[in-house]
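Right, one structure below, let's go through it.
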Protein chains: 2
Amino acid sequence: MDVDTRLLRYFVVVAEELSFTRAAKRLYVAQPSLSRQIRQLEARLGADLFTRTSSAVALTAAGRALLPAARRQVAEWQESVRLVRTAAAAERNVLRIGFAATGGGDLARRARSAFTRRYPGVTVEPKRFEWGGEARAVRDGLADVAYVWLPAELDGLCSEVVATERRWVAVKTTHPLASREEVGIGDLRDEPLMWTRVAPPEWVDWWAVNPRPDGSEPVWGPENANVEEMLEHVATTSGVCIGPESMKSFYVHPDLTWRPVVDIEPLRIALAWPEHSANALVHAFVEIVRRLA
Amino acid sequence: MDVDTRLLRYFVVVAEELSFTRAAKRLYVAQPSLSRQIRQLEARLGADLFTRTSSAVALTAAGRALLPAARRQVAEWQESVRLVRTAAAAERNVLRIGFAATGGGDLARRARSAFTRRYPGVTVEPKRFEWGGEARAVRDGLADVAYVWLPAELDGLCSEVVATERRWVAVKTTHPLASREEVGIGDLRDEPLMWTRVAPPEWVDWWAVNPRPDGSEPVWGPENANVEEMLEHVATTSGVCIGPESMKSFYVHPDLTWRPVVDIEPLRIALAWPEHSANALVHAFVEIVRRLA
DNA sequence: CGCCGCCATACGTTCCAGGCATGGACGTGG
DNA sequence: CCACGTCCATGCCTGGAACGTATGGCGGCG
């Protein structure tokens, strides 16, 4: 009897929510589809997993037996994927360095140079991910090591803060704030702020400084998935965006002006890599970054 | 990223055979289908698992990394299925006793009576399986305990031989051998013998006494999946079949005559149950059978 | 040099996950 | 007591994926 890990994930969520409707929302599928899939899983197992009434859903003994096993299966498959991708990269003798936007900034370039000098035979593959995707990339085996912007979910990863950067705000060159030398977070009270749905809410809130020191919530502007989209929005709509100082020099844009925001905490940049990594190149790279930091 | 355990099984077989054509045969699918599925798995992993030329297939580093993980995943899912089914049965307070054909014979009935006397609240569910399917049924969680006819694959199971039965041969009442009191295996030299493809070859060979003491191979008759089919064939074609003594009294058939085969080894019947079974009823049942044996 | 074995590609069919609309059971509040 | 809302199940349709058959391309071997 075969299963798809997707079915197991579905089952786990229904078991956690004890509601098909809520679970369907969390899984971004329609409730009827979810109902049918679970029914099918039950049919193939030859055992009911839930008792359903129109007012309550509960696990059966069989369901309780499956829940931890299903969680484990899903986790182990994720781990297998990471292993396979890591092995493929190792065979090609490459080191894949993940980052989002400007990643580790200047430190990253110095580290890469030092690493290439030390290991001339190894190909370095910089891998750019969307907002908040660096840590997941390492977990999923799409990168061997990554510069991660905190806050971030670092479960299953080793990490070390290697740099901090002050945060700046980008505004259109014609914007009143463009004439100021520096700004405070209070000055951005009524400015629509860029945001993204690809990163978790905590990440978005941290960048948006939400709630603001005065307790207010930012005004939300257009949504975007990466730097380029974000800067395009700022350049052509009425909003502003906040980014690390390095963004000013990495992404030049004729219509934008960058100004430091002096009264908010700086960005902390961590280097992250998988726990139990057997990849010697990763450890060598970590050591190099650590020395340069 | 999701996978079906079916895909993992496919991958394992290709990795074992190092040939898509041979693997496809073993898996009972067409070779192009198998090729495509493996390609798709590679695409989703973002890594090649095999290097293919028209003359050889070999694992890549990624493939070598996946192989043990895939084997483990498949095995763990099998185990999960068993757990779930066992839990469902336990919740209904039933004991599912697996067997094929006459199973444990007279012992089985005495054991069931004794068990029911001792545990009047427990429902006993006898579960009949096809030739050689009893042990697999326990492994798959379709039965809690089973009478298994040896030889059988008992990996992952505890077992204990609890009975033996002489083997008899069934012939049409009009058959020359029907007039004999008893027969030897040599007398069956030219008689077409029933066989099955649902049980493994070793099982079939053991029942057929293949090779025969004189080194010859039996003449093969029609194929069947269970007792009823087998006896129907014997009653209506020219073949014979061999079965345990209890079959004579459990399956009465007007056109058949049973005669003992005096010079072949008897059937050994084992009781088998899952290793690490936490089911108290199983252990109680085993104890009862052991005492009666 | 021609045949054969092996993997890949093309095409048509079948099946299933997914979405939307709706039905039926239950609980709640007016 | 009824009306309404909530929740799970069912019916119907669509798009995609898996499978089979037929066929192409490539390398090895007689």
Side-chain angles (χ1 to χ4, degrees), chain A residues 1-60 62-64 66-67 70 73-74 77 81, chain B residues 1-60 62-64 66-67 70 73-74 77 81:
Chain A
M1 227 227 48
D2 293 310
V3 238
D4 198 307
T5 50
R6 181 178 41 82
L7 252 185
L8 295 180
R9 288 191 296 110
Y10 285 9
F11 165 72
V12 169
V13 174
V14 175
E16 283 173 357
E17 296 289 342
L18 290 179
S19 155
F20 285 79
T21 309
R22 277 198 305 275
K25 284 209 178 73
R26 252 181 72 183
L27 291 165
Y28 299 102
V29 296
Q31 166 264 320
S33 182
L34 186 57
S35 282
R36 264 190 312 253
Q37 312 243 357
I38 299 291
R39 279 248 176 268
Q40 182 196 321
L41 179 61
E42 291 177 321
R44 289 203 294 201
L45 287 169
D48 283 355
L49 297 170
F50 297 99
T51 55
R52 309 152 166 81
T53 70
S54 60
S55 55
V57 171
L59 280 168
T60 61
R64 283 190 296 275
L66 182 58
L67 184 52
Q73 288 263 317
V74 172
W77 172 244
V81 171
Chain B
M1 228 226 45
D2 293 311
V3 237
D4 198 308
T5 51
R6 181 177 43 81
L7 251 184
L8 295 180
R9 288 191 296 108
Y10 284 8
F11 165 73
V12 169
V13 173
V14 175
E16 283 172 356
E17 297 289 341
L18 290 179
S19 155
F20 285 79
T21 309
R22 278 198 304 276
K25 284 208 178 73
R26 253 181 69 185
L27 290 165
Y28 300 102
V29 295
Q31 167 264 318
S33 181
L34 186 57
S35 281
R36 264 191 314 251
Q37 313 248 346
I38 299 291
R39 279 248 177 265
Q40 184 197 321
L41 179 59
E42 291 176 323
R44 289 203 292 199
L45 287 169
D48 283 357
L49 298 169
F50 297 99
T51 56
R52 311 151 165 80
T53 71
S54 61
S55 55
V57 171
L59 279 168
T60 61
R64 283 190 296 276
L66 182 57
L67 184 52
Q73 288 260 316
V74 172
W77 173 244
V81 171

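Naming convention: chains lettered A, B, ... in sequence-line order (proteins, then strands); numbering from 1 in each chain.
The minimum heavy-atom distance linking B:Leu41 with B:Phe11 is given by the pair CD2-CB, 4.1 Å. Closest heavy-atom contact between A:Ala58 and A:Leu18: CA-CD2, 4.2 Å.
Note: CD (B:Glu42) to C1' (C:dC7) measures 13 Å, nearest angstrom. Between the CG atom of B:Leu34 and the C1' atom of D:dA17 there is a distance of 16 Å, rounded to whole Å. Taking atom CG on A:Leu18 and atom P on D:dC7, their separation rounds to 13 Å, with Å as the unit. Following rounding to the nearest Å, A:Gln37 (CD) and D:dA9 (C1') show an atom-to-atom distance of 15 Å. One can place CD of B:Glu17 at 16 Å from C1' of C:dC7, the figure rounded to the nearest angstrom.
Between the side chain of B:Glu42 and the backbone N or O of B:Leu49 there is at least one donor-acceptor pair closer than 3.5 Å. Between the B:Arg9 side chain and the B:Val74 main chain, no donor and acceptor come within less than 3.5 Å of each other.
For B:Arg36, taking side-chain heavy atoms from C-beta onward, the closest of the listed nucleotides D:dA18, C:dA10, D:dC7 is C:dA10.
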Nucleotide by nucleotide, 5' to 3', does protein get under 4.0 Å of the base (B), only the sugar-phosphate (S), or neither (-) in nucleotides 1-6 of chain D, counting heavy atoms?
------
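Less than 4.0 Å separates DNA chain C from at least one heavy atom of each of the following residues of residues 26-33 of chain B: B:Gln31, B:Pro32. Within residues 4-13 of chain B, no residue has any heavy atom under 4.0 Å from DNA chain C.
Going from atom CZ of A:Arg6 over to atom CD of A:Gln37 covers 5.0 Å, rounded to the nearest 0.5 Å. A distance of 15.0 Å separates CZ in A:Arg39 from CZ in A:Arg44, rounded to the nearest 0.5 Å.
At a threshold of 4.0 Å, the pair A:Arg26-A:Glu16 counts as salt-bridged, since one of the basic side-chain nitrogens sits closer than that to a carboxylate oxygen.
A perpendicular orientation is assigned to the rings of B:Phe50 and B:Phe20, their planes being inclined by more than 60° (bins at 30° and 60°).
Residue B:Arg39 is classed as a sugar-phosphate contact, given heavy-atom separations below 4.0 Å to backbone atoms only.
One finds a side-chain N or O of A:Ser35 lying less than 4.0 angstrom from the OP1 or OP2 phosphate oxygen of D:dA9.
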